[in-house]
Amino acid sequence: MGPMSEPHPATSENEKNVFDESMEVFHAAADLIGLAPRIRLELEQPDYEHIFYVTTRLDDRLVPLRDAETAGFADLVPSAFEGPGLTPLFNGKIIVRPEVLRSGALHVRDGHVRMAHRPGLYRIEPGGFVRLKGYRVQHNQARGPYKGGLRFHKAVTLDLFNALAAEMTWKTAIADVPFGGAKGGIRMDPREYGKEELENIVLRFTYKLKQLIGPNIDIPAPDVGTNGEVMAWLLRQYTDGERERHELRSVVTGKDVRIGGSEGRVKATGRGLAYCIEEWFNDAREPIAGSRFTVQGFGNVGSAAAEILTGLGALCVAVQDADGTVYDPKGIDVAKLQAHVERPDNLKRSVAGYGEAQAISARDFWEIEAELCVPAALGGAITAEVAERLRVKLVAEGANRPTTPEADLVLARRKIDVIPDIIGNAGGVTVSYYEWIQNKRMEHWPEAEVNARLERAIKGNYHLIQDIAANRPRRTADHDSRGFVLGREVPVRTAAMVLALRRIEAHYMLEGFSQ
Ligand code: NAD
């Protein structure tokens with residue numbers, strides 16, 4: 001913690017403050033480069049912290065009864081209703097639209113029903129209004145409009161969004177795209193809602209968000225729990241009724257390619273990570289083909305990274321997600337595993353239950369021997385204890401903040417290399433920038449062009465960071481690190497932050513930018 005910082009209020013005494021923790025690297029790098037005190041003050045807290053609420057109406061739910069609760073209903077006559085108005089959820093509940101209950105012969109006793117076409121008894125949980133908490137933190141805009149994802153997850157807090165928004169400021173600077181940093185979302189588990197309900201939630205959320213965002217103000221994108229469909233709802237709600245609505249398409253990135261999204265955006269984060277990994281293998285003079293990797297998180301980032309790495313000849317030996325872990329030392333067929341996750345009856349969208357690999361415990365996952373481990377789920381996955389057990393040479397961070405500061409020390413002691421998140425997963429925001437330009441110019445670039453630009457951008461910035469870390473000033477065809485090195489070696493995570501701060505600092509120094 002640097003001398004100028006004020007303590008950020010923690011939610012409880014024991015709870016670790018994620019934001020303060022995330023700023024440790026910032027302060028270390030700021031000290032190293034002698035960042036001017038005013039710039040430090042402007043960067044060490046977010047520009048704006050927005051909190052707001054959205055209310056929405058939910059349909060009734062059918063809640064399965066536990067065996068112990070079924071007494072008294074043995075003779076309940078089955079009700080014959082079925083159809084598209086029933087939506088089974090991952091937690092066993094079924095959303096039921098009112099028209100379904102009106103459609104067939106319904107036999108209700110004390111609010112309970114037995115269904116003719118599905119086993120078991122259900123309690124009808126009446127729908128009604130819920131209130132959800134929404135957030136948007138705008139950290140810094142020295143380099144351009146605020147930019148950052150929307151996360152729909154049960155465990156989000158203002159503290160977490162502050163940390164993630166600041167990370168976006170560093171990441172957009174490292175990717176050298178003309179944006180600042182932001183992050184936001186809703187505290188909820190999107191899997192608990194039907195599609196129509198989710199759409200209504202997003203529309204209300206966007207209604208509240210509208211005054212805060214805009215193509216040149218703040219540009220959201222997908223993150224955990226959101227996707228292209230959510231971005232499409234946001235786009236519609238933002239542009240509805242606007243006469244020049246096509247001019248506003250760039251208000252959000254990560255859209256479906258058919259409505260202005262960029263080719264290559266969906267896999268861009270995983271692809272960018274794979275480019276960094278490729279360079280790590282090049283530098284180590286080891287072949288990536290035949291190397292083994294494990295991946296935690298098989299959502300957007302994890303599955304794309306796994307697909308691209310196996311395309312380069314690497315073997316995916318284990319995959320872990322929130323509901324299971326699968327292992328095959330001979331290599332998992334990533335495409336088949338993806339098909340398993342996407343099966344309509346796989347309501348948890350989990351790798352659990354995949355028949356062609358061995359199920360192992362969550363704990364054993366971290367001890368699998370491989371060349372590299374790709375954390376691509378949530379923050380804090382690699383604790384000091386996990387770091388002690390890892391049997392890999394490289395941790396390539398696809399997720400945001402997967403490695404705790406204590407784990408970082410363990411990895412350094414054990415000589416396990418790290419590709420830090422702020423360069424490792426910068427591919428997403430880089431192609432988001434390409435999407436934004438294409439929207440502004442009313443253009444559509446082919447995927448090969450997007451990927452080629454991404455590869456140049458990621459690898460050039462990756463080399464800059466490696467040079468800063470190794471104190472190796474040099475100029476090559478794709479990069480020039482002479483103005484960035486510090487005259488001494490620094491950890492690679494600090495090196496990445498040095499690059500970010502140098503680029504942000506220029507706006508304060510040369511333009512005299514001030515908040
Ligand atoms: P996603 O929602 O598509 O997938 C998340 C995955 O993590 C799922 O497979 C889920 O099962 C798994 N997971 C959740 N909790 C877990 C747990 N406790 N243990 C193991 N696995 C768990 O999300 P995503 O978009 O792939 O994002 C993953 C990470 O990458 C996040 O940290 C996100 O901030 C970061 N990121 C995403 C993008 C992007 O473009 N989507 C860009 C940069 C960074």
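Since the structure is predicted, the reported quantities are computational estimates derived from the model, not experimental observations. When a ligand or atom number is given, it counts from 1 through the structure's own listing order.
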- [ ] Taking ring-ring contact (aromatic ring centres under 6.0 Å, His included) as the test, write out the residues that go with Phe293, two or more places apart.
- [x] none

What pairs of donor and acceptor atoms, side-chain ones from residues 294-306 against any protein atom, are under 3.5 angstrom apart with sequence neighbours left out?
from: Gln296; atom 1: NE2; to: Gln320; atom 2: OE1; distance (Å): 3.1
from: Asn300; atom 1: ND2; to: Val266; atom 2: O; distance (Å): 3.2
from: Ser303; atom 1: OG; to: Gly299; atom 2: O; distance (Å): 2.6

Open item on the list: I'd like to know if the side chain of Tyr193 pairs up with that of Asn200 as donor and acceptor (distance under 3.5 Å, no hydrogens or angles considered).
Closed with: no

Task: Donor on one side chain, acceptor on other, Tyr275 and Glu279, under 3.5 Å - done: no

Open item on the list: Could you check whether Lys171 and Asn400, counting side-chain N and O atoms only, form a donor-acceptor pair closer than 3.5 Å?
Closed with: yes

TODO: Taking only heavy atoms of the protein into account, state which residues are under 4.0 angstrom from an atom of ligand 1, in chain and number order.
DONE: Arg151, Asp223, Val224, Gly225, Arg265, Thr269, Gln296, Gly297, Phe298, Gly299, Asn300, Val301, Asp321, Ala322, Ala376, Ala377, Leu378, Gly398, Ala399, Asn400, Asn425

Task: Results of side chain to side chain contact (heavy atoms under 4.5 Å, CB included) for Lys208 - residues two or more places apart only - done: Phe52, Val54

